[in-house]
There are 2 protein chains.
Amino acid sequence: MKKVTIKDVAKEAEVSPSTVSRVISDSPNISKSTKEKVRFIMDEMGYYPNAIARSLVKQKTRSIGLVMSRPTDRALANPFFSGVIQGIAAVAQEKNYSLLLTAADNYEDEYQEALKQLKVGRVDGLVLLASRINDDLIKQLLKNNFPFVLIGRSQEFPSIPRVDNDNYKAAFDLIEKLIKSGYKDFSVLAGHKDYVFTGDRLKGVIDALKAHSMNLDPVKIEFTDFTFKSAEQSAYKILSNHKTDALIAFDDLLGMAAVQTAEALGFSVPDQLGIVGFNDHTLVSYLKPSLTTVKIPIVDMGERAISMLIKMLEDSSYTGEEEIISTEIIERESLKFI
Amino acid sequence: MKKVTIKDVAKEAEVSPSTVSRVISDSPNISKSTKEKVRFIMDEMGYYPNAIARSLVKQKTRSIGLVMSRPTDRALANPFFSGVIQGIAAVAQEKNYSLLLTAADNYEDEYQEALKQLKVGRVDGLVLLASRINDDLIKQLLKNNFPFVLIGRSQEFPSIPRVDNDNYKAAFDLIEKLIKSGYKDFSVLAGHKDYVFTGDRLKGVIDALKAHSMNLDPVKIEFTDFTFKSAEQSAYKILSNHKTDALIAFDDLLGMAAVQTAEALGFSVPDQLGIVGFNDHTLVSYLKPSLTTVKIPIVDMGERAISMLIKMLEDSSYTGEEEIISTEIIERESLKFI
DNA sequence: TTATTAAATGCAAACGCTTGCACAAACACT
DNA sequence: AGTGTTTGTGCAAGCGTTTGCATTTAATAA
């Protein structure tokens, strides 16, 4: 089964390759009759234009690299990433772009890998699911003038093309609402310190408390990674040592761990202890008690990020912008507002 | 910032492009001194060989397409897919292959999309996460002699390159063990009918019962899709209408829904009703009660599938094989064996 | 009819690389 | 010194497209 090229089609249709090419792109200055003839032959021969060759001359690949700033295995285990990818994949498909997944064992390699995909011309641009502080990759990208959009926020480079939710405000508003509802003793089960959003949310919490002349006893903050085990331990530390009536977990998974730990310790949720998560992962919302949470439109963020990138790629006068997506508090069973 | 090509490097190093090319591939018949000189220049100029051009002449892209036989959004929502991708991504990275994600809204498009990636030469081969019955894509692939490996089983094409676990045996063994433990009234919360593994597991269950002169009342089987809602409804149907002491769910998510439904109906798990799932999704193992399950090494399956594919691509005498991976029953709290 | 313009097609270069083959230089052997 | 091998490089074709420009053919105008 020899591969059929544009030349084969041309020969068969008794036209030149250029003509076939123009038929493919539906050029207006090819006669209707020729188009029909060529199209017929293409079908008959089972011809598909070679994407690589086309990419070479067009200097565009129509594919986009996806970088997750953490080991892929762990990344994918988190529903957050699945959600983002969902959104990205949907739009990519619709706009006829391919998605190139980049994986690596550690941060450093990951960066290098991603950058390389761009340098070797395999992708036209990058979507960064970066959440870590101190992003060297961004620096590189900027320096090389490579198109990318970040999902999240970079500390060093505040205004770059990105889409994010306002974590500070989300946390701030949440606390205000909690205070209004009469909660007094707050504790937080935070994510990993290295993530930018952890810091942002924490600041939101603290500022909101300050605004009401309260403050968050630092020992009531526990940082943890996203494994269930360590989340349980952290929850245990908080709950067994401190009086608290509202526990804010910076991810639903952490919230879920907190609920279980709390119940194991004999707290009744939400009566004695309210627990609220972040993200609104589908699965977690079905637990008993179902989790009150700050919903972040993850899929939507993915969609917007890639849409922005594609726009940047296709319209050179557009250089991207900052899109902040709003969040929403969803009240379920694990914490009740008045 | 003009892109630097092999010619630029050649000129700068005062050698021919061929020489530079050979330096890149570390050809043995380039002198050490020349290599050093050229490498130095390459570094200095920030040269990266263009992957597209290379692909064009080599007729290889070193990238692999990933096809999930269901809408990407729903696919990604399921931990099973994340797991497989984890495995695939890890190996791909290690072996220096890129991963191309293919998405589409519906099955038909998905197939077309995937096939197209191959036909246009964007990928060298395909990994199919196909679980549905009656796979037209496979037929096409076979006909066109395209390299692929299937994760799962195809009814129409039993012996093709694939990796799978023996769902029939896993279910059969599970039931035997349950019978030995004294369970008598079985019910099953099955996945969607269209999936091959649903049928396989069901057959395993039924055959095992037959082997012990028992049979499964057909009304005690409920098919459901993988949304939590429909799983709950199905579990409700079973539990509120039939006497049962062991409920087998064909996925941990379904098992989790069953546990909740059972408890809501006043059954105590596992004392009055044992519930066992399939897959061993990490998250679900942490629930209370933790889920007894048939562990399927999902990540491992992904790894093997892509390894097989790469081997097929790189060694033309190797045409793939069938790898069956064994499963393991993991006893936790939701169902106790004697 | 001939000149003029518009419409349809072909030519050939280019995209950035690899590789078979030819060839020059350096070395080894009678 | 002459012949035969190595060893290291360069030449040029080719991978399958696209596209600016030239060219042919058809259509219109004079």
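Here is the naming used below: chain letters follow the sequence lines, and residue numbers restart at 1 for every chain.
D:dT17 atom C1' lies 16 Å from atom NZ of A:Lys60, rounded to whole Å. For the pair A:Lys11 NZ and C:dC11 C1', the interatomic distance rounds to 16 Å; values are reported in whole Å. Distance B:Asp26 CG to C:dT18 C1': 16 Å, rounded to the nearest Å. Look at NZ on B:Lys32: it is 16 Å from P on D:dT7, rounded to the nearest Å. Nucleotide C:dG10 holds its P atom 12 Å from the CD1 atom of A:Ile6, rounded to whole Å. Between B:Glu36 atom CD and D:dG8 atom P there is a gap of 13 Å when expressed in whole angstrom units. In this structure, the CG atom of A:Asn29 is 14 Å from the P atom of D:dC21, given to the nearest Å.
Side-chain polar atoms of A:Ser25 and A:Ser27 form no donor-acceptor pair below 3.5 angstrom. In this structure, a donor-acceptor pair under 3.5 Å is present between the side chains of A:Thr19 and A:Ser16.
In this structure, the nucleotide among D:dG14, C:dG10, C:dC15 sitting nearest to the side chain of A:Gln59 is C:dC15. For A:Ser31, the listed nucleotide lying nearest its side chain is C:dA8; candidates were D:dG16, C:dA8, D:dC11. Closest to the B:Arg22 side chain, of the nucleotides C:dC15, C:dG10, D:dT9, is D:dT9. When each of D:dC15, C:dT18, C:dA8 is scored by its nearest atom to the side-chain atoms of B:Lys58, the top-ranked nucleotide is C:dT18.
One N or O donor and one acceptor, one from the side chain of A:Ser18 and one from the base of C:dC11, sit under 3.5 Å apart.
Close to C:dG16, at under 4.0 Å from its OP1 or OP2, lies no side-chain N or O of B:Thr5. An OP1 or OP2 oxygen of D:dG10 is reached within less than 4.0 angstrom by a side-chain nitrogen or oxygen of B:Thr19.
The environment of A:Tyr318 atom OH is dense: over 12 non-hydrogen atoms of other residues, nucleotides or ligands sit within 6.0 angstrom. When the shell of 6.0 Å around CD of A:Glu321 is examined, it contains more than 12 heavy atoms from other residues, nucleotides or ligands. With a 6.0 Å radius and a threshold of 12 heavy atoms from other residues, nucleotides or ligands, B:Lys37 has its NZ atom above the threshold.
A:Phe197 and A:Tyr195 have parallel rings, their planes meeting at less than 30° on a 0 to 90° scale where 60° marks the start of perpendicular.
When the nearest nucleotides of DNA chain D are assigned to A:Lys7 and B:Val15 by heavy-atom distance, the more 5′-ward of the two goes with B:Val15. Of the two residues near DNA chain D, A:Val20 and B:Ser33, the one whose nearest nucleotide lies more 5' is B:Ser33.
Using a cut-off of 4.0 Å between Lys/Arg side-chain N and Asp/Glu carboxylate O, A:Arg62 and A:Glu314 are scored as salt-bridged.
Within 4.0 Å of A:Thr34, counting heavy atoms only, lie sugar-phosphate atoms of the nucleic acid but no base atom.
Against DNA chain C, the stretch residues 48-55 of chain B makes heavy-atom approaches under 4.0 Å through B:Tyr48, B:Pro49, B:Asn50, B:Ala53, B:Arg54.
The residue from A:Leu100, A:Ile88, A:Val123 that alone fulfils the side-chain contact (heavy atoms from CB on, under 4.5 Å) condition with A:Leu66 is A:Ile88.
Remark on the helix from C:dT1-D:dA30 to C:dT30-D:dA1: inter-end axis angle 50°, axes from five-pair C1' superpositions, rounded to 10°.
The two residues B:Ile325 and B:Pro297 have their closest heavy-atom pair at CG2-CG, 3.3 Å. The minimum heavy-atom distance between B:Ala305 and B:Val127, with the atom names listed, is CB-CG1, 4.4 Å.
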